[in-house]
Amino acid sequence: MYVTRLAPSPTGALHLGNARTFLLAWLRARAAGGRVILRVEDLDHPKVKPAAVAEIYADLRWLGLDWDEGDDCPTGNAPYAQSKRLPLYREALTKLRGDLYPCVCSRADIENAQLAPHAGEELFYPNTCRDKKIPPAQINDKTAWRFIAPAGEREFIDNFRGRERADLQQFSGDFVVARGATPAYQLACVVDDAAMGVTEVIRGDDLALSTFRQLALYDALNLSPPQFLHLPLLVGADGRRLAKRHGDTRLATLRQAGISPQKVVGYLARISGLSAGQPATPAALIAGFDLAKIPRGAVTVADANGGFFL
Ligand code: GLU
């Protein structure tokens, strides 16, 4: 049985870029006759905004997406908010204990330690603290715990991008799996995708490199990984990931402006190669869904003046 998940972070309102990834993930699952899980990734304090959870539910429903499992329709996999799943992550951290060490480097330390300018947002960590004996008095509830990443190339087949190869020790170094007692995204994501029986992870390609971190954790925890599918992002005229500077593409704003969800879905379907752009419900697009039609590169959806092309 095909199972995927929508995994929004309630750090702000959903915008057109999130909507497009979720629509395509939902279509892929529905076209396969599979299940959709709604998981709320709310571990990233203090950025998490409690009110955002209700807004995300409202935005997804407004678009016409539904799900088979979530906190509003729980099954055996409940709960679905990561903040309620801490014991599972702690258990995994205990299993990884022999491969973890505390790191007392500040972000500035790590920035200063860059060997070469790194593209994008990936910061290389030169394993500075791996062999240090950090005195227990220096370890507190903010201390980062790093996982000793395996060296050597690893490969996976991305169901959209094809063969991906990378060596964690070349682009990342040892990576953070917890801060104090709070698990980090990489760990929580692996534990949940495995526990929830996800068969294919669909997300934006800003997370494609993170897949190598997650695969290392699947191996270390003796879990079998799902398949992965990374979609190109929506970008502004400057080629950068859709953000506030490109205009207000929040779904709540579009809704308040009186734009219909069918118009938004039709637009997202057009830029995804799935229709000519006529207003549509997600359900009406299931029959015509075809991964091969989705453009391979980033899609520009905003002009240089803060206007977007809806
Ligand atoms: N919560 C992440 C986000 O909103 C998605 C993580 C994932 O799909 O693995 O960007």
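Order of appearance sets the numbers: ligands from 1, and atoms from 1 within every ligand. The analysis underlying the following values was restricted to heavy atoms, covering all of them including side chains, and did not include hydrogens, waters or symmetry mates.
L63 and V53 fall within a single hydrophobic cluster, where Ile, Leu, Val, Met, Phe, Trp and Tyr side chains are chained together by heavy-atom contacts under 4.5 Å.
When only modelled atom types and interatomic distance are considered, D158 and Q227 share no side-chain donor-acceptor pair under 3.5 Å.
Within the structure, the salt bridge (Lys or Arg N to Asp or Glu O under 4.0 Å) test picks out no pair touching residues 289-301 (sequence neighbours left out).
Contact check for Y80 versus T75: side-chain heavy atoms found under the 4.5 Å cut-off.
When ring centroids are compared, F289 and W26 stay outside the 6.0 Å threshold.
The immediate protein surroundings of ligand 1, defined as residues with any heavy atom under 4.0 Å of it, consist of R5, A7, S9, E41, Y185, C189, R203, L207.
The salt bridge (charged side-chain N to carboxylate O under 4.0 Å, His left out) test with R5 is passed by exactly one of D193, D68, D192: D193.
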